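Below is one structure; the comments refer to it alone.
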Amino acid sequence: MASSGLPSRTFHRRRLPSSAPSHPSGETCVPFCLPGAVSRRRAAVQLLSAGFLTAVSPPPPSLAARRGRIVVPPEDYVTAPADGLKYYDLVEGKGPTAEKGSSVQVHFDCIYRGITAVSSRESKLLAGNRSIAQPYEFIVGSLPGKERKRDFADNANGLYSAQAAPKPPAAMYTITEGMKVGGKRRVIVPPELGYGKRGMSEIPPDAPFELDIELLEVVSPAEK
């Protein structure tokens with residue numbers, strides 16, 4: 001038979017160390033030939049990387065931070081001279097200032113352990129079970145409860161009255177003084193100026209909580 005003129009090639013099987021795994025037939029198999037197999041060096045690098053990332057990863061954010069709420073350090077709160085309430089202005093308003101005797105409209109949220117327990121944004125309509133974001137109206141410095149005896153009001157959402165609104169804590173009637181329209185204030189409410197021994201909704205008896213106030217409108221005593 002005539003030669004093709006091409007150089008002949010001889011293939012030799014490479015012998016592996018005895019530690020390499022072998023098939024039942026006795027043939028040795030290279031580790032990376034198995035599907036999904038990972039070398040020892042690569043496995044060690046992956047384990048070390050995972051441990052390193054776990055060690056340097058930041059702690060999970062708090063519930064308030066995950067919900068987008070601003071977390072205020074305790075040392076940043078200001079003490080009100082009149083009643084000793086601790087408050088912090090989240091937003092400085094630029095409108096008229098609420099004075100003692102002023103009629104104001106606010107939205108308020110009582111927050112206990114990151115949960116909104118009482119809110120003016122969940123006022124109940126008298127017809128049906130729907131809720132509306134009805135601002136709360138009161139006179140700064142007045143006794144709590146008197147403003148809840150006003151007449152029914154018919155608006156685009158339905159029949160509504162102050163009796164159907166959530167009850168605010170007593171602290172809101174004094175701590176609003178000095179706020180400006182557009183401002184937002186956070187207050188640490190103690191039980192004696194909150195909901196006392198009865199509690200309210202998810203707020204248990206004798207428990208402090210946070211009160212967020214947003215001042216929407218001010219009518220001075222001279223304008224009434």
Side-chain angles (χ1 to χ4, degrees), residues 64 69-72 74 76-124 131-150 153 160-221 223-224:
R69 295 187 67 241
I70 299 175
V71 179
V72 181
D76 288 352
Y77 282 88
V78 180
T79 302
D83 44 25
L85 286 170
K86 303 284 187 181
Y87 71 92
Y88 179 85
D89 286 325
L90 302 169
V91 177
E92 294 282 352
K94 297 182 179 179
T97 303
E99 303 172 351
K100 189 173 183 179
S102 299
S103 177
V104 298
Q105 287 190 5
V106 303
H107 269 313
F108 70 91
D109 301 283
C110 299
I111 300 152
Y112 178 72
R113 294 188 175 181
I115 299 175
T116 301
V118 183
S119 176
S120 62
R121 305 174 200 275
E122 297 177 357
S123 301
K124 300 294 183 181
S131 298
I132 59 173
Q134 180 71 27
Y136 201 86
E137 184 177 346
F138 65 99
I139 297 174
V140 178
S142 65
L143 296 175
K146 288 188 175 181
E147 78 292 338
R148 296 172 62 82
K149 294 179 173 59
R150 66 175 184 252
Y160 169 85
S161 76
Q163 286 87 344
K167 181 182 178 182
M172 193 175 74
Y173 295 83
T174 57
I175 200 61
T176 315
E177 185 176 356
M179 290 184 66
K180 295 183 178 181
V181 172
K184 296 180 180 180
R185 178 170 289 183
R186 178 167 298 168
V187 189
I188 303 298
V189 181
E192 59 271 18
L193 292 177
Y195 295 112
K197 297 186 178 300
R198 288 189 172 185
M200 179 68 66
S201 190
E202 288 89 356
I203 302 176
D206 294 325
F209 57 90
E210 293 179 341
L211 170 67
D212 284 359
I213 306 172
E214 180 182 2
L215 185 58
L216 305 175
E217 182 179 314
V218 171
V219 178
S220 66
E223 295 175 342
K224 292 189 298 182

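The model shown is predicted, which means the values in this text are computed figures rather than measured ones.
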At their closest point, which heavy atom of Cys110 faces which heavy atom of Pro169, and how far apart are they? SG-CD, 3.7 Å

Output all residues satisfying ring-ring contact (aromatic ring centres under 6.0 Å, His included) with Tyr87, sequence neighbours left out; order by chain, then residue number. none

Contact summary for Val140 and Glu177, nearest pair of heavy atoms: CG1-CB, 3.8 Å

Measure from the side-chain N and O atoms of Ser120 to the backbone N and O of Phe108, and report whether any donor-acceptor pair falls under 3.5 Å. yes

Enumerate, atom names and distances included, each donor-acceptor pair closer than 3.5 Å involving a side-chain atom of residues 89-96, sequence neighbours excluded.
{"unit_1": "Asp89", "atom_1": "OD1", "unit_2": "Arg185", "atom_2": "NE", "d": "2.6"}
{"unit_1": "Asp89", "atom_1": "OD1", "unit_2": "Arg185", "atom_2": "NH2", "d": "3.3"}
{"unit_1": "Asp89", "atom_1": "OD2", "unit_2": "Arg185", "atom_2": "NH2", "d": "3.3"}

Does the side-chain contact (heavy atoms from CB on, under 4.5 Å) test come out yes or no for Val181 and Leu216, once each step is laid out? CA-CA 5 Å; Val181 172; Leu216 305 175; 6.0 Å; no

Just checking, any donor-acceptor pair under 3.5 angstrom between side chains of Lys86 and Thr79? yes

Side chain Ser103, main chain Ile139, donor-acceptor under 3.5 Å: no

Is any side-chain heavy atom of Val118 closer than 4.5 Å to a side-chain heavy atom of Phe209? no

Smallest separation among heavy atoms of Met172 and Ile213, with atom names: CG-CD1, 3.7 Å

Least distance between heavy atoms, Tyr112 atom then Glu202 atom: CD2-O, 3.7 Å

Specify the closest pair of heavy atoms between Arg186 and Val72, including all atoms of both residues, with the distance to one decimal. NH1-CG2, 3.9 Å

Considering non-hydrogen atoms only, spot the tightest contact between Ile188 and Pro190 and give its length. O-CD, 3.4 Å

Using salt bridge (Lys or Arg N to Asp or Glu O under 4.0 Å), reason through Glu210 and Arg113 one step at a time and then give a plain yes or no. CA-CA 9 Å; Glu210 293 179 341; Arg113 294 188 175 181; over 6 Å; no

Hey, is the main chain of Ala98 close enough, under 3.5 Å, to the side chain of Ser102 for a donor-acceptor pair? no

Salt-bridged, Arg121 to Asp109, with N to O below 4.0 Å? yes

